[in-house]
Amino acid sequence: FFMAGTYQLLKNGKARLQYMHKGERYSETVFAKNDREAQSKLAKFVTAVEDQTISNCTISYTNFCQIWLDDYVRANLSPTVVSNYKRYLNNRILPYLGKYKLKDITPNILRNLFNDMKTWKTMYKPPRENTYISKGTYKKIYEIISCSLQKAFEWEYIVVNPCRKIPLKSLRLDRLPSEIKKRENNTSSKIKAFDKKTYKKVLNLLDNTNSNYKDPYRINKICTEIALKTGLCLSELAGLEWERDWNQKKSTLSISIIKTYINKIGWITKEPKEPKRTRVITLSQKTNNLLKNLRAEYPNEKYIFFNLINFNTFTNWLKRWQVQNNISPIITAHDLRHTHATLLLQNGIPVKYISERLGHASTKVTEDVYIEYLKEHDETVANIIDEI
């Protein structure tokens with residue numbers, strides 16, 4: 001007899017099912033040990049595709065995304081991720097896909113969306129200039145669409161995930177306008193950081209009471225110096241507690257809890273997302289003394305910085321302080337962390353140690369972020385070889 005669709009037995013006890021219906025190719029991988037099981041599941045697969053006998057098949061993509069957020073995202077991911085997903089959905093995805101029923105979203109619709117995305121620009125308010133979205137933003141939007149549709153398939157709202165037919169690598173992100181412009185301007189570097197000369201200048205200014213900018217008690221400046229000398233990011237600095245995290249005798253700081261701010265919710269306390277972000281780092285003697293003096297000034301505080309600093313405005317303060325003191329280049333609060341890492345690299349500290357100190361998931365993450373500094377280090381080694 002003639003069987004609609006085809007199947008292919010795989011080596012892992014599974015079978016790949018395929019069926020062409022109304023110009024669209026549907027495929028799915030299922031468990032099947034032999035031809036008989038594969039044929040049986042193929043017949044059911046074909047029937048499901050043709051009849052669309054899927055529960056809740058008339059639900060809109062907008063309504064499904066609300067179910068997905070409530071039942072999956074909030075239950076499994078952090079409030080920060082939930083907030084980011086909602087922002088991308090409301091500002092980027094639903095204006096395009098929200099008008100469709102979930103079952104009507106086809107690979108062609110998604111392909112048109114992903115092509116249009118290449119022309120999308122950022123959504124900053126004036127006077128900030130809007131430019132083409134970055135590769136990171138593009139990948140995040142793709143990820144949210146793909147993950148939501150995959151759950152729709154797993155929960156049997158749709159027959160197949162149409163996004164599976166459009167793998168990310170097929171979209172040629174190297175051709176994004178933002179990536180082309182980056183190559184044209186030769187701005188492949190992902191980071192900004194102080195060089196050694198500027199770093200020393202900044203430390204001298206942080207010690208100078210005459211360089212204060214709306215920081216009469218020097219708390220912002222002390223926090224800046226700690227960030228430069230430890231590589232901690234703002235969420236880690238905000239979560240530091242005296243009793244739990246600072247060991248004066250051993251001269252160490254432990255990072256086990258962070259604080260992040262979420263719009264309409266406020267500050268939340270949580271454990272770091274990556275296990276390796278929970279770590280203990282050693283402080284220099286000067287840095288340890290800096291904390292000792294701060295502790296003496298504020299003996300009743302639970303947090304080292306959180307109640308003394310407005311972390312929502314810290315980045316603005318840092319920028320204005322740099323402008324006031326003629327610092328160039330102007331860097332962000334997160335770039336203080338980059339400065340710490342790049343100076344360690346330039347002074348020959350092994351990547352493995354730097355990766356552990358920063359709390360990166362692996363040395364590959366460190367290498368990817370600081371690739372240009374590693375190249376400079378490699379060139380230095382090559383020159384030294386000739387002098388040995």
Side-chain angles (χ1 to χ4, degrees), residues 128 182 185-238 253 281-291 293-294 304-305 309-311 313-351 353-355 357-360 365-381 383-384:
R128 189 169 180 180
K182 187 187 293 184
N185 296 335
N186 195 27
T187 56
S188 58
S189 174
K190 302 177 184 178
I191 63 173
K192 289 172 65 177
F194 292 142
D195 58 21
K196 189 173 182 179
K197 181 179 179 182
T198 307
Y199 171 76
K200 289 183 175 181
K201 175 183 177 181
V202 167
L203 289 182
N204 287 333
L205 287 168
L206 291 173
D207 285 336
N208 185 352
T209 56
N210 294 326
S211 70
N212 287 355
Y213 176 83
K214 295 183 179 179
D215 186 25
Y217 301 106
R218 292 192 65 246
I219 306 301
N220 285 342
K221 292 170 71 177
I222 292 172
C223 186
T224 301
E225 184 169 344
I226 296 296
L228 281 170
K229 292 186 174 182
T230 62
L232 300 187
C233 61
L234 284 189
S235 61
E236 293 170 339
L237 289 164
L253 272 178
I281 63 172
T282 303
L283 305 174
S284 68
Q285 190 58 51
K286 185 175 180 181
T287 306
N288 200 45
N289 289 336
L290 194 64
L291 288 176
N293 294 335
L294 183 63
I304 297 180
F305 294 114
I309 287 179
N310 185 344
F311 279 92
T313 62
F314 178 81
T315 295
N316 290 334
W317 172 87
L318 180 64
K319 179 179 179 180
R320 291 168 182 168
W321 181 82
Q322 291 175 89
V323 170
Q324 183 197 45
N325 291 282
N326 299 315
I327 304 297
S328 180
I330 302 295
I331 68 173
T332 67
H334 195 74
D335 293 331
L336 300 173
R337 174 176 169 87
H338 291 322
T339 297
H340 180 77
T342 55
L343 289 176
L344 291 179
L345 280 171
Q346 290 170 344
N347 282 275
I349 304 300
V351 174
Y353 173 78
I354 297 172
S355 180
R357 190 168 175 86
L358 296 180
H360 283 166
V365 174
T366 313
E367 291 168 353
D368 288 345
V369 174
Y370 301 107
I371 182 66
E372 67 267 28
Y373 290 91
L374 288 169
K375 287 180 179 178
E376 290 177 8
H377 191 57
D378 189 52
E379 290 171 1
T380 302
V381 171
N383 293 329
I384 291 175

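No experiment lies behind these values; they were computed from the predicted model shown. Position 1 is the first residue of the sequence, and the numbers go up from there.
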### Task
Check whether more than 12 heavy atoms from other residues, nucleotides or ligands sit under 6.0 Å from atom NZ of K319, and answer yes or no.
no
### Query
Can you tell me how far the CG atom of D195 sits from the OG atom of S328, to the nearest 0.5 Å?
9.5 Å
### Query
Is the backbone N or O of L205 less than 3.5 Å from a side-chain atom of K221, with the two atoms forming a donor-acceptor pair by type?
yes
### Task
Begin with the C-alpha distance, continue with both residues' side-chain angles, and end with the deciding distance and a verdict on side chain to side chain contact (heavy atoms under 4.5 Å, CB included) for T224 and F314.
CA-CA 9 Å; T224 301; F314 178 81; 3.4 Å; yes
### Task
Show your reasoning for whether side chain to side chain contact (heavy atoms under 4.5 Å, CB included) applies to V365 and L358.
CA-CA 10 Å; V365 174; L358 296 180; over 6 Å; no
#### Entry: With L203 via side chain to side chain contact (heavy atoms under 4.5 Å, CB included) - residues at least two apart
Y199, L206, E225, L228, K229
### Task
Decide yes or no on side chain to side chain contact (heavy atoms under 4.5 Å, CB included) for I222 and F305, but give the supporting numbers first.
CA-CA 9 Å; I222 292 172; F305 294 114; 4.0 Å; yes
### Query
Short question: side chain of R357, backbone of T282 - any donor-acceptor pair under 3.5 Å?
yes
### Query
Atom CG in L290, atom CD1 in I226: separation rounded to 0.5 Å?
4.5 Å
### Query
Does any N or O in the side chain of Q324 come within less than 3.5 Å of the main-chain N or O of R320, such that one atom is a donor and the other an acceptor?
no
### Task
State the CD1-CH2 distance between I327 and W321, to the nearest 0.5 angstrom.
5.0 Å
### Message
Looking at T342 and H338, would you say the former's side chain and the latter's main chain have a donor-acceptor pair under 3.5 Å?
### Response
yes
### Task
Could I get the full list of side chain to side chain contact (heavy atoms under 4.5 Å, CB included) partners for S284, not counting sequence neighbours?
K286, T287
### Message
Once side chain to side chain contact (heavy atoms under 4.5 Å, CB included) is applied, do any residues pair with K200, and if so which ones, sequence neighbours excluded?
### Response
K196
